[in-house]
Amino acid sequence: MPPTLASLAHHSALKLTVRAGEDRLDVPVRWAHVSELADPVPYMEGGELLLTTALKLDAEDAKAMRRYVKRLVGAGVVGLGFAVGVNYDEIPKVLVDTAGEEGLPLLEVPRRTPFIAISKAVSAAIAADQYRAVTAGFAAQRELTRQALSDGPEGLLAALAAQVDGWAALYDASGALVATAPEWAGRRAARLTADVERLRDRPAPASSVVGGPDNEDRVELHTLGTGRRPRAALAVGTASALGTAERYAVHSAIALLTLTTERSRSLQAAQDRIGAAVLRLLLAGHPDHARAVAGELYGGLLDAPFRVVVGEGATADSDHLGGLAEVVESAAARSGEAVLVVVEGPRRLVVLAVDGGAAVEACGEYAATLEAERAASDVREQGGEDDELVVGLSAPSGPIAAAGAYKQAEQALSVARRRGRVLVEHEQLAAGSVLPLLADDAVRAFADGLLRPLSEHDATGRGDLVASLRAWLSRHGQWDAAAADLGVHRHTLRYRMRRVEEILGRSLDDPDVRMELWLALKATAAAE
């Protein structure tokens, strides 16, 4: 504990007497300062015990003393030590009364007690308190290290919570809550995820202090990691500001958690190379070799159906592409799933994740969030290349069919880009309609070229061959129904269809011709 006015008043060697402010003696003393100035406030920082002999004070002037005491209280001076037997044989009553009224503790210093003795006592108490804090900090560091080695981050959090007499929580790179200690703090920690996400966007290392929910406690947030983007975050909740010993414990926890959450660059690079090799072997049709290379690192992933995710960013430093990797890896880590993430160049990412697992779900939620943000901003062009992220998701597959799943993911990604979507699943393509695919420029060019002779014929006013062809195909070649739709005689319609065959040089009896014409009509209709 730092020195207080009470500890100084009870110091047997100082012989101090409390003359006012008896109820405020528990205030810590930051320093003891001697000043004979009539106004020492400009030289005060707050927290001092001011010592004076009143050499330049008219301590019997009520107005002057009231002004003097008010100035001291306003500057944060915690107490006034008045030496008697020097300029005054006793403390003037007006000063005692004013100090009592303003709540300023007033200590009488006897002539035989030099001010230097009081300063030494304060200095020695501060030094002793700092030594105790450092000693306690080292002890806390040893305990936190022991817990981290024996029980991992969970044990470290429990030890930290005990050290600070509060609670502690660990968040992953995405801002999701990973662990808390004690367990009762889980709900409080969960309410701070938005603050953790805001802190994550600041340059690392970053920290902030926030009020707890409903002002329950004071919470410090710290990012963890050595890179540009934090890998995790620590929250420490306490009833009041941290002391020196508690501060040592928090800094030790930050260092230890950084070591447990941040892998070395060489280890990360080695794992990335293994992941890339496993992916290449799978795509080359060598699942057995892929299993051998994966070992225990990715082996579990290849024992169950998985999905292939292909993501592309519009820029080399796309934050959304990096964000996709983070949420997928974090979700897999929380659920204990194996996941393979391979960076194929600065704008492309390939992920193998367990079908139906947390990583695939997190990928979908991330894409849905981006989709909602883009819809709200309403600044992108439909199907343009300004979108920062597009993702294709394959159907469930296994190691033998990995190459096919990769192709499915690429097809889905191509459709996502064309439709202006963030994510498209390959299964949605099979369950949906082929008509959206006709929006491709090459398809429209083909349609325009195929139907141009008929359109040019209609432009001369010698018939309505395009509309007649559309009606006839929509009625599956039923003459009476198609003629009724057009409001013409069926013989007129037959004549028009013969003209279509003559102009195009193709037979309408050929189902392939009818299919191509129908798709061409749909493509041109979609473009209108």
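Side chains of L352 and R307 form no contact here, defined as non-hydrogen atoms less than 4.5 Å apart. A heavy-atom distance below 4.5 Å is found between the side chains of P153 and L257. Side-chain atoms of V488 and R496, non-hydrogen and from C-beta on, do get closer than 4.5 Å to each other. Looking at L517 and L508, their side chains come closer than 4.5 Å, going by heavy atoms from C-beta outward. Side-chain contact between V219 and V236: absent, with no pair of heavy atoms (C-beta onward) separated by less than 4.5 Å. A 4.5 Å side-chain heavy-atom check between T193 and D195 finds every atom pair outside the cut-off. Using a 4.5 Å heavy-atom cutoff, the side chains of V293 and L281 are in contact. Between T492 and H489 the shortest side-chain heavy-atom distance falls below 4.5 Å.
Contact check on R280 versus E344 returns no salt bridge, with no Lys/Arg side-chain nitrogen under 4.0 Å from an Asp/Glu carboxylate oxygen. Between E220 and R218 there is a salt bridge, with a side-chain nitrogen of the basic residue lying less than 4.0 Å from a carboxylate oxygen of the acidic one. Taking the charged nitrogens against the carboxylate oxygens, R347 and E312 have no contact shorter than 4.0 Å, which rules out a salt bridge. A salt bridge is defined here as a Lys NZ or Arg NE, NH1 or NH2 lying under 4.0 Å from an Asp or Glu carboxylate O, and D303 with R291 meets this definition. Using a 4.0 Å cut-off between charged nitrogen and carboxylate oxygen, R421 and E371 count as a salt-bridge pair. One finds a salt bridge joining D217 and R188 here, because a Lys/Arg side-chain nitrogen approaches an Asp/Glu carboxylate oxygen to under 4.0 Å. A salt bridge links E143 with R146: the closest approach of a Lys/Arg side-chain nitrogen to an acidic carboxylate oxygen falls below 4.0 angstrom.
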Go through it in stages, so that I can follow the logic: the residues are Y248 and H251, the test is side-chain contact (heavy atoms from CB on, under 4.5 Å), and I'd like the CA-CA distance, side-chain angles, deciding distance and then a yes or no.
CA-CA 5 Å; Y248 274 116; H251 288 323; 5.8 Å; no

Pair C363, L423 - check side-chain contact (heavy atoms from CB on, under 4.5 Å), show working.
CA-CA 9 Å; C363 177; L423 182 145; 3.8 Å; yes

Check the pair W472, L493 against side-chain contact (heavy atoms from CB on, under 4.5 Å), reporting the backbone distance first and the verdict last.
CA-CA 8 Å; W472 184 74; L493 181 58; 4.2 Å; yes

side-chain contact (heavy atoms from CB on, under 4.5 Å), that's the test. Do V339 and V341 meet it? Break it down for me.
CA-CA 7 Å; V339 65; V341 179; 4.3 Å; yes

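For the atom pair S397 OG and Y406 OH, the distance stands at 14.0 Å (nearest 0.5 Å). Atom CD of E425 and atom CD of Q408 lie 11.5 Å apart (nearest 0.5 Å). How far CD of Q163 is from CZ of R247: 14.0 Å, rounded to the nearest 0.5 Å. To the nearest 0.5 Å, the span separating CG on L504 from CZ on R452 amounts to 12.0 Å. Interatomic distance, CZ of R475 versus CG of L473, reported as 12.5 Å (0.5 Å rounding). In this structure, L283 CG and K407 NZ are separated by 13.0 Å, a value rounded to the nearest 0.5 Å.
Looking at R506, its side chain never comes within 3.5 Å of a backbone N or O of E501 through a donor-acceptor pair. D458 places a side-chain N or O within donor-acceptor distance of the main-chain N or O of V466, the cut-off being under 3.5 Å. For S414 (side chain) and E410 (main-chain N/O), no donor-acceptor pair under 3.5 Å exists by modelled atom type. E246 places a side-chain N or O within 3.5 Å of a backbone atom of G243 that can act as its donor or acceptor partner. A donor-acceptor distance shorter than 3.5 angstrom exists from the side chain of S394 to the backbone of V308, with no hydrogens or angles considered. Looking only at distances, a side-chain donor or acceptor of T223 sits under 3.5 Å from a matching main-chain atom of A206.
Counting non-hydrogen atoms of other residues, nucleotides and ligands closer than 6.0 Å to CD of E45 gives a total of 12 or fewer. Heavy-atom neighbours of D165 CG from other residues, nucleotides or ligands within 6.0 Å: at or below the threshold of 12. Under a cut-off of 6.0 angstrom, the local environment of CD in E183 is sparse, with at most 12 non-hydrogen atoms contributed by other residues, nucleotides or ligands. Within a 6.0 Å radius of CD1 in I400, no more than 12 heavy atoms belonging to other residues, nucleotides or ligands are found. By the 6.0 Å contact criterion, NE2 on H457 is enclosed, its count of non-hydrogen atoms from other residues, nucleotides or ligands being greater than 12.
The minimum heavy-atom distance linking A161 with P182 is given by the pair CB-CD, 4.2 Å. The two residues L177 and A190 make their nearest non-hydrogen contact at CD2-N, 4.0 Å. Here the closest non-hydrogen pair linking A189 and A169 is CB-CB, 3.6 Å. Residue E337 comes nearest to G357 through the heavy atom pair OE2-CA, 3.1 Å, listed as atom of the first residue, atom of the second, then distance. V354 approaches A338 most closely through the heavy-atom pair CG2-O, 3.9 Å. Across every non-hydrogen atom of A232 and L170, the tightest pair is CB-CD1, 4.2 Å.
L234 pairs in a side chain to side chain contact (heavy atoms under 4.5 Å, CB included) with only one of the listed residues (L160, L156, L221), which is L160.
Ring geometry for H320 versus Y366: interplanar angle over 60°, hence perpendicular rather than tilted (30 to 60°).
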